[in-house]
Student: 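Shown below is the structure under consideration.
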Amino acid sequence: MNFIDPEYLFFLFVVIIGLEIVHRRKYQHLILLCASYFFYWYTSQALLLLLAIVTLITYYCGQEIYLSTDLKKRKILLFIAVSSTLAILGYFKYFNFTIVTINNILNISYPLSDILLPIGISFYTFQALSYVFDIYRETLAPSESLKEYALFVSFFPQLVAGPIVRASELLPQLKESISITHQNLQLGITLILWGAFKKVVISDNLSPIVNATLSNPIGHNSIDIIGVTFLFGIQIYCDFSGYTDIAIGTARIVGINLPINFLRPYLSQNPTDFWRRWHITLGRYIRDYLYIPLGGNRKGKFRTDINLLCTMLVCGLWHGAAWNYVIWGGFHGVLLLVDKSVHKISFKTANVERARKLKNPKIIISILITQYFVFLGWLLFRVGDPDNLIYCIKKYVLFDFDLTMSEIIIVVSLISVICIIIMGSVNQKISSFFDGVITKDWLELIGSCRFTCWVAYVGIIGVAFLALSPNQSTEFIYFQF
């Protein structure tokens, strides 16, 4: 069930009515759990069993880990939970990828299996594993009921494309009864409208332009490739953050707060800053459950660099079963390593007064340079065919169109500035709102708005949908992950 389909609006309406009729907490959560499983079944049918299996494995392993005082037994239980969950993820997502890779290496033609990739499997498996990890680390007590834990894993707004929520963030909220308040309803609908606008009006209209060029880039010049790469950056941002806004807004209607996933990523001043702003919940997940357990930065510079690079390679592989995603992850890993080295040099040699005088120009230059490499990374992410990818990179980097060097600088700077203007904001509140950031200021602002003004806003957005929506909407990009 797609967030932008009429069926979803009817589904959400029925869920809200059900929650309003039933006031006892345990029945409200049962309604949400049934709604979540129906939501997933509507699209995936029998693959719903995988969600249930992952839920049962991680729940009971978590319970036993918590009750056991034997370290060896706890490790065995952790291994069972992790290996079985990752085996499910690995088979459905990476089995054919592995076969293709072996075929290419050994020059054989072993047949591929007819495997259907379950929607959102990367998200709900990671979320379930975080529950087991936290119990093993003794930073979380297990859920008191299987029903609550199953709702944590399957909560429909963020089930198929995040944000990746931790048990410590969601389970405590399930201790309270659900109340559909006027303030939450207004804020939730507003966020849903913003997210749908970004997806349907912006992302879906850019999709055919991007696909037409990047699916067959041979013959296009540099200005075409750079321009379409810029458009893809906007497309994937509006697509993914649009989904996140709808997810946060839907959850907010039923009184549940989900963590933010984007914070003006195209205003990042360096690669490290970018990963603090883009797909925030995944970034903190791989940091806490992969990078730090590998040793983080505690075992010397060389080991730190290896840990960081391995973490980003896994991040790339998580996004998809194809080598361009792995290359994309490795590319960002190298950017992070370079960023660390540059920062160390700058901290050692910087003059405080001079840095203060050049603060604004330095920030602008840092943003421009960062976005140039971020958008280069989007080429790696989007173009899967090796020949097409090499061609696109050459056009993006070497500037083969007839422009002087000064004109090239102007073009690249202009593209970056436009990117910043579109994806950023002069006003902090507007930017936070656009990125789905729920702040106290926005709660107060929406609460103080007159109802007629809010209805007028909804009407304006509705007219924009009718006027600007494409004939056919596409699925959210991150559904394939």
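As the structure is a computational prediction, the values presented were derived from the model and not from experiment.
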Student: Within the distance-only criterion (no hydrogens, no angle test), does the side chain of Tyr391 pair as donor or acceptor with the backbone N or O of Gly219 below 3.5 angstrom?
Tutor: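 Such a contact is found between Tyr391 side chain and Gly219 backbone.
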
Student: Locate the shortest heavy-atom distance separating Val200 from Asn205; write the atom from each residue and the value.
Tutor: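 That would be O-ND2, 3.7 Å.
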
Student: What distance separates Phe39 CZ from Glu7 CD, expressed to the nearest 0.5 Å?
Tutor: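 Phe39 CZ to Glu7 CD: 11.5 Å, rounded to 0.5 Å.
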
Student: What about Trp378 and Phe230, are their ring centers closer than 6.0 Å?
Tutor: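 Between Trp378 and Phe230, the centre distance exceeds or equals 6.0 Å.
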
Student: Could you walk me through whether His332 and Trp278 pass the ring-ring contact (aromatic ring centres under 6.0 Å, His included) check?
Tutor: CA-CA 12 Å; His332 273 278; Trp278 177 274; 9.2 Å; no

Student: Test Tyr42 against Phe11 for ring-ring contact (aromatic ring centres under 6.0 Å, His included), laying out the working first.
Tutor: CA-CA 11 Å; Tyr42 188 87; Phe11 163 79; 8.4 Å; no

Student: Apply side-chain contact (heavy atoms from CB on, under 4.5 Å) to residues Val82 and Phe133 and explain how you reach the verdict.
Tutor: CA-CA 9 Å; Val82 174; Phe133 290 144; 3.6 Å; yes

Student: Mind checking whether Phe123 and Trp318 have ring centres under 6.0 Å apart?
Tutor: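 Yes, the ring centres sit under 6.0 Å apart.
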
Student: Any donor-acceptor pair under 3.5 Å linking the side chain of Gln28 with the backbone of Glu176?
Tutor: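 Pair absent, no side-chain N/O of Gln28 close to backbone of Glu176.
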
Student: Spell out, as yes or no, whether a donor-acceptor pair under 3.5 Å connects the side chain of Ser203 to the backbone of Gln235.
Tutor: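 Here the side-chain-to-backbone pair exists.
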
Student: Which distance, rounded to the nearest 0.5 Å, do you find between the CD1 of Ile369 and the CD of Gln269?
Tutor: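 Ile369 CD1 to Gln269 CD: 11.5 Å, rounded to 0.5 Å.
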
Student: Can you tell me how far the NE2 atom of His279 sits from the CD1 atom of Ile286, to the nearest 0.5 Å?
Tutor: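 Atom-to-atom, His279:NE2 and Ile286:CD1 are 9.5 Å apart.
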
Student: Quick one: pull up CZ in Phe126 and CG in Leu86 and give me the separation to the nearest 0.5 Å.
Tutor: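 Here the rounded value is 7.5 Å.
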
Student: Under the rule for side-chain contact (heavy atoms from CB on, under 4.5 Å), what residues qualify as partners of Ile17, not counting sequence neighbours?
Tutor: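 Ile17 satisfies side-chain contact (heavy atoms from CB on, under 4.5 Å) with Phe13, Ile21 once adjacent residues are dropped.
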
Student: List the atom of Asn270, the atom of Asp339, and the distance in Å for their closest heavy-atom pair.
Tutor: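 In terms of heavy atoms, the two residues are closest at CB-OD1, 3.3 Å.
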
Student: Side chains of Tyr149 and Thr58: do they bring a donor and an acceptor to under 3.5 Å?
Tutor: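 Their side chains do contain a donor-acceptor pair, which is all the 3.5 Å distance test asks for.
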
Student: Taking the ring of Phe375 and the ring of Tyr266, is the distance between their centroids below 6.0 Å?
Tutor: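 Yes - the distance between ring centres of Tyr266 and Phe375 falls below the 6.0 Å cut-off.
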
Student: So, Asn184 side chain and Ile253 main chain: donor-acceptor pair closer than 3.5 Å or not?
Tutor: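 No: the side chain of Asn184 does not pair with the backbone of Ile253.
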
Student: So which heavy atom on Tyr285 is nearest to which on Ile164, and how close?
Tutor: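 Answer, listing the atom of Tyr285 first, then Ile164: CD1-CG2, 4.0 Å.
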
Student: Between Gln371 (side chain) and Ser268 (backbone), is there a donor-acceptor pair under 3.5 Å?
Tutor: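 Checking the backbone N and O of Ser268 against the side chain of Gln371, a donor-acceptor pair under 3.5 Å is found.
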
Student: So how far is it from Thr281 OG1 to Asn261 CG, rounded to the nearest 0.5 Å?
Tutor: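 If I round to the nearest 0.5 Å, the distance is 3.5 Å.
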
Student: If I compare all heavy atoms of Phe156 with all of Tyr8, which pair ends up nearest, and what's the gap?
Tutor: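 Smallest interatomic distance, heavy atoms only, reads CE1-OH, 3.7 Å.
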
Student: Do other residues, nucleotides or ligands put more than 12 heavy atoms under 6.0 Å from Phe373 CZ?
Tutor: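 12 or below, so no.
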
Student: Go through the structure and list residues passing salt bridge (charged side-chain N to carboxylate O under 4.0 Å, His left out) with Arg287, not counting sequence neighbours.
Tutor: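 In terms of salt bridge (charged side-chain N to carboxylate O under 4.0 Å, His left out), with neighbours along the sequence ignored, Arg287 is linked to no residue.
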
Student: Go through the steps to decide whether Ser215 and Asn211 satisfy the test side-chain hydrogen bond (donor to acceptor under 3.5 Å, both in side chains), and finish with yes or no.
Tutor: CA-CA 5 Å; Ser215 296; Asn211 291 341; 4.8 Å; no

Student: Between the main-chain N or O of Ser154 and the side-chain N or O of Ser36, is there a donor-acceptor pair closer than 3.5 Å?
Tutor: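 Side chain of Ser36 to backbone of Ser154: a pair is present.
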
Student: Judged by atom type as modelled, is there a donor-acceptor pair below 3.5 Å linking the side chain of Asn388 to the main-chain atoms of Pro217?
Tutor: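 It does not hold such a pair.
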
Student: Shortest non-hydrogen contact from Phe240 to Ala161?
Tutor: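 So the minimum-distance heavy-atom pair works out to CE1-O, 3.4 Å.
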
Student: Does Asn324 reach the main-chain N or O of Asp385 with its side chain, forming a donor-acceptor pair under 3.5 Å?
Tutor: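 No, Asn324 side chain to Asp385 backbone: no donor-acceptor pair under 3.5 Å.
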
Student: Test your reading of the model: is there a side-chain donor-acceptor pair from Tyr94 to the backbone of Leu317, 3.5 Å cut-off?
Tutor: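 Checking the backbone N and O of Leu317 against the side chain of Tyr94, a donor-acceptor pair under 3.5 Å is found.
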
Student: Indicate yes or no: does Lys198 engage Asp245 in a salt bridge with an N to O separation below 4.0 Å.
Tutor: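 The answer is yes: the pair qualifies as a salt bridge.
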
Student: Give a yes or no on whether the backbone of Ile119 and the side-chain of Tyr40 come within a donor-acceptor separation of less than 3.5 Å.
Tutor: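 Checked: pair present.
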
Student: First locate atom OG1 of Thr55, then atom CG of Leu151, and finally report the distance between them rounded to the nearest 0.5 Å.
Tutor: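 Reported to 0.5 Å precision, the distance equals 10.5 Å.
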
Student: Going by distance alone, is a donor N or O of one side chain under 3.5 Å from an acceptor N or O of the other, for Trp328 and His319?
Tutor: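 Result is no, nothing qualifies.
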
